[in-house]
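Comments concern the structure below.
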2 protein chains.
Amino acid sequence: MGRLGEFIGFRLRRVQNLLSKDFASATRKYNLRSGLFSSLSLISSNPGISQNELSAAVGLDKSTFVQVIDELEKRGLAKREKSKTDRRRHALFVTDEGQIFLNELYEIMAKTESAALKQLSPSELSLLKALLDRMYEVL
Amino acid sequence: MGRLGEFIGFRLRRVQNLLSKDFASATRKYNLRSGLFSSLSLISSNPGISQNELSAAVGLDKSTFVQVIDELEKRGLAKREKSKTDRRRHALFVTDEGQIFLNELYEIMAKTESAALKQLSPSELSLLKALLDRMYEVL
DNA sequence: TATTGTTATACTCTATAACTATA
DNA sequence: TATAGTTATAGAGTATAACAATA
């Protein structure tokens, strides 16, 4: 790999690439549009979140989420509700069916990561998380 | 972040996202097409590599690299040479100018990572690399 | 027949700008 | 005026399929 292999970003990316490819192939049958999983998860963890807040959390433009949420609604996984206090906003909620589906995706994600995590002892894993968090906070 | 934050892939991605955004903004003036840096680096480390081998190493389709290498040639950073032994193949080489530019990109990458790496002691950094390599090898 | 590089093409992802309805 | 959501649109990035040259 040459000097590219000296960089920590290279190592991060190649592990993450494999994980995300594994997750993509494990969920291919669900035909998950980009951002659907993370949106569903964030709505679940933050009931009533607006589309604007969601886009800020994910770091993509708000226009990106219109189709994502259209699809979540069409699939019956989440729904928009007009805010009573500010009628411009849509409060977003995960449906019961959406929560079941989301739990299934969490399971698949956990299984995807399990092979990699088996290589690490519990203390190594918590150290890895701590190191990554320290790097994230300073960037 | 909810349960999404429990996954190691989430932590890997968010650190790597920040690193790659920082690198992108630090190199914006060079107008680097996707794959140009990694291709130039791999050609430099593997002189005479073919387009097919390059695409296999990066994990993208060979058709993707036609335009990347067109641009590397147009900028005078690398060149194609017809292989003597198999006239279908193009042996790829970095020019002197390309090597100078590549070294500059390595510098920028190192500077990009330095903020994050300052958070880690030398032994933590080498452990982090080892853990990531162990995860990569098993995936 | 199979492989290397090429072209044409289409699809996904994402951003920007302009619009609407509200505030 | 400003903000939330929407629409239209354009630009990247990538893959697939078909092709020419060569093996």
Side-chain angles (χ1 to χ4, degrees), chain A residues 13-14 16-18 20-21 23-25 27-40 42-43 46 48-74 78-93, chain B residues 13-14 16-18 20-21 23-25 27-40 42-43 46 48-74 78-93:
Chain A
R13 189 170 55 251
R14 69 178 192 172
Q16 194 245 307
N17 275 350
L18 288 182
S20 69
K21 275 180 185 169
F23 181 74
S25 74
T27 59
R28 184 153 303 133
K29 59 179 170 181
Y30 298 125
N31 204 17
L32 298 182
R33 167 195 301 267
S34 169
L36 192 141
F37 173 41
S38 55
S39 295
L40 190 59
L42 282 165
I43 296 168
N46 303 277
I49 191 174
S50 72
Q51 295 181 201
N52 237 353
E53 291 162 344
L54 185 60
S55 65
V58 178
L60 299 177
D61 192 83
K62 59 189 160 71
S63 65
T64 308
F65 289 86
V66 176
Q67 293 181 76
V68 174
I69 297 168
D70 283 352
E71 181 155 346
L72 285 174
E73 282 200 314
K74 200 173 4 177
K79 56 186 194 302
R80 292 168 165 106
E81 287 183 11
K82 278 283 186 197
S83 164
K84 298 282 184 188
T85 57
D86 181 343
R87 301 220 315 281
R88 293 172 304 183
R89 309 175 105 237
H90 289 162
L92 304 172
F93 298 94
Chain B
R13 188 170 56 251
R14 69 178 191 172
Q16 194 244 307
N17 275 350
L18 289 183
S20 69
K21 276 181 185 168
F23 181 74
S25 73
T27 58
R28 184 153 303 131
K29 59 179 170 180
Y30 298 125
N31 204 15
L32 298 182
R33 165 196 300 267
S34 168
L36 192 142
F37 173 42
S38 54
S39 295
L40 189 59
L42 282 165
I43 296 168
N46 303 277
I49 191 175
S50 73
Q51 294 181 201
N52 238 353
E53 291 162 343
L54 185 59
S55 66
V58 177
L60 300 177
D61 192 84
K62 60 190 159 71
S63 65
T64 309
F65 289 87
V66 175
Q67 292 181 77
V68 174
I69 298 169
D70 283 351
E71 181 155 346
L72 285 175
E73 282 200 314
K74 200 171 6 174
K79 58 186 194 298
R80 292 168 165 103
E81 287 183 11
K82 277 283 183 198
S83 163
K84 298 285 185 187
T85 56
D86 182 345
R87 300 220 316 280
R88 292 172 304 183
R89 309 174 106 237
H90 289 162
L92 303 172
F93 298 94

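Predicted model only: the values in this text are computed from it and were never measured. Just so it is clear: chains get the letters A, B, ... in the order the sequence lines come, proteins before strands, and each one is counted from 1. Side chains included, hydrogens not; waters and symmetry mates left out as well; all remaining heavy atoms used.
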Original post:
With sequence neighbours left out, what residues match B:Arg87 under side chain to side chain donor-acceptor pair (under 3.5 Å)?
Top reply: none

**OP:** Using ring pair (Phe, Tyr, Trp, His ring centres under 6.0 Å) as the criterion, list what pairs up with B:Tyr30, not counting sequence neighbours.
**Re:** B:Phe101

**OP:** With sequence neighbours excluded, tell me which residues meet side chain to side chain donor-acceptor pair (under 3.5 Å) with A:Asp86.
**Re:** A:Arg88

Original post:
So does A:Ser34 get a side-chain nitrogen or oxygen closer than 4.0 Å to the phosphate oxygens (OP1/OP2) of C:dT14?
Top reply: yes

Subject >> Contacts of B:Arg14 that satisfy salt bridge (Lys or Arg N to Asp or Glu O under 4.0 Å) - sequence neighbours left out >> reply: A:Asp133

**OP:** Name the residue closer to the 5' end of DNA chain C, choosing between A:Arg33 and A:Arg88 according to the nucleotide with the nearest heavy atom.
**Re:** A:Arg33

Original post:
Listed in order of residue number, which residues of residues 78-87 of chain A have a non-hydrogen atom at under 4.0 Å from DNA chain C?
Top reply: A:Asp86, A:Arg87

Original post:
For A:Lys79, what residues pass the salt bridge (Lys or Arg N to Asp or Glu O under 4.0 Å) criterion, not counting sequence neighbours?
Top reply: A:Glu81

Subject >> Which residue lies more 5' along DNA chain D, comparing A:Ala91 with A:Gln67 via nearest heavy atoms >> reply: A:Ala91

**OP:** Using the test ring pair (Phe, Tyr, Trp, His ring centres under 6.0 Å), find all partners of A:Phe65 that sit at least two apart in sequence or belong to another chain.
**Re:** none

Original post:
By side chain to side chain donor-acceptor pair (under 3.5 Å), which residues pair with A:Asn46, not counting sequence neighbours?
Top reply: none

**OP:** Nearest whole angstrom, please: distance from the C1' of C:dT14 to the CG of B:Asn17.
**Re:** 14 Å

Original post:
Does anything in residues 51-61 of chain A pair up under salt bridge (Lys or Arg N to Asp or Glu O under 4.0 Å), and if so which pairs, sequence neighbours excluded?
Top reply: A:Glu53-A:Arg89

**OP:** Please state how far atom CG in B:Asp70 lies from atom P in C:dG5, giving the value in whole angstrom units.
**Re:** 13 Å

**OP:** Could you tell me which non-hydrogen atom of B:Gly35 sits nearest to which non-hydrogen atom of B:Ser38, and how far apart they are?
**Re:** O-OG, 3.3 Å

Original post:
What pairs with A:Thr85 under side chain to side chain donor-acceptor pair (under 3.5 Å), at least two apart in sequence or on another chain?
Top reply: A:Ser83

Original post:
So where does chain B start and stop touching DNA chain D, 5' to 3', when the test is distance under 4.0 Å to a non-hydrogen atom?
Top reply: D:dG13 to D:dA23

**OP:** May I ask you to evaluate whether B:Ser63 reaches the phosphate of C:dT7, defined as a side-chain N or O under 4.0 Å from OP1 or OP2?
**Re:** no

**OP:** Mind running a 4.0 Å heavy-atom check of residues 49-62 of chain B against DNA chain C and sending the residues that fall below it, in number order?
**Re:** B:Ser50, B:Gln51, B:Asn52, B:Lys62

Subject >> Given A:Ile43, A:Leu92, A:Val68, the one that forms side chain to side chain contact (heavy atoms under 4.5 Å, CB included) with A:Gln51 >> reply: A:Leu92

